[in-house]
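Written below as structure tokens is the structure these notes are about.
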Amino acid sequence: MSKVRVKKRFVAGAKCPQCKATDSIVLFKEQGVETVECVECDYRDQQTEEQVAAKATGDVIGVFKP
């Protein structure tokens, strides 16, 4: 079975809601679902594209797709 490499990006200035560590949150997509997790503790949260769109306020400066 081949393993797919997931590109994870740190979110600058983000604070973990569980352990309160700063700059420990990584953001990535896992099977099309946006996922955030803390590299310091076991915190993990996921939301679908529909949930992301529903929370969007329109105050986005820019969207980067490397």
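All values reported here derive from a predicted model rather than from experimental measurement. Positions are given from 1 along the sequence. All values below come from the heavy atoms of this structure, side chains included, with hydrogens, waters and symmetry mates left out.
The two residues K15 and I25 have their closest heavy-atom pair at C-CG1, 4.3 Å. Closest approach of Y43 and P17 over heavy atoms only: CZ-CG, 3.4 Å. Taking all atoms of both residues into account, the shortest heavy-atom contact from V6 to K29 is CG1-O, 3.5 Å.
In terms of modelled atom types and a separation under 3.5 Å, the side chain of D23 and the main chain of G13 share a donor-acceptor contact.
Cluster annotation: V26 is not connected to V33 through the hydrophobic network of ILVMFWY side chains, with a link wherever side-chain heavy atoms come within less than 4.5 Å.
Put simply, CG on D45 and SG on C38 are 12.5 Å apart, with the number rounded to the nearest 0.5 Å.
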> Going through the checks in order, is the side-chain contact (heavy atoms from CB on, under 4.5 Å) test met by R44 and E30?
Replying inline: CA-CA 12 Å; R44 185 179 175 102; E30 187 174 62; 2.4 Å; yes
